[in-house]
Amino acid sequence: MKGFAMLSKGKAGWIEKDAPTCGPLDAIIRPTAVAPCSSDTSIINDLDLPNVILGHESLGIVEEVGELVTKFKPDDRVVVPC
Ligand SMILES: [Zn+2]
């Protein structure tokens, strides 16, 4: 799968990533919209963290939930705040 990440200082782009696995308290969300955050721009401009995924604030659709998750289910539309 693809992830939008820091490539090198000052540069971002798409990289190949392994698909995430869902732990007991996790939910896997398919993002439908992602908002840039000031921490994303700080990572790109000020740090040297290649392959760090950007865009942690988003809207999306739940794909999978862990066995202990009770308040969300697949196909729920969710907001993922910072
Ligand atoms: Zn943020």
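Along the sequence shown, residues carry numbers from 1. Ligands are counted one by one from 1 in listed order, and the atoms in each one are counted from 1 as well. Atom set for the values below is all heavy atoms of this structure, side chains included, hydrogens, waters and symmetry mates excluded.
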Looking at residues at least two apart in the chain, or sitting in another chain, which of them share a side-chain contact (heavy atoms from CB on, under 4.5 Å) with Leu25? Leu68

Atom CG of Asp75 with >12 non-hydrogen neighbours under 6.0 angstrom: no

Can you tell me if Asp18 has over 12 outside heavy atoms packed within less than 6.0 Å of its CG? no

Can you run down the ring-ring contact (aromatic ring centres under 6.0 Å, His included) pairs that involve residues 12-51, sequence neighbours left out, and say none if there aren't any? Phe4-Trp14

List for me each residue that meets side-chain contact (heavy atoms from CB on, under 4.5 Å) alongside Lys71, sequence neighbours excluded, and say none if there are none. none

Atoms of type N/O/S from protein, distance to the Zn ion (ligand 1) below 2.8 Å: 3

Would a 4.5 Å heavy-atom cut-off, applied to side chains only, mark Ile15 and Leu7 as touching? yes

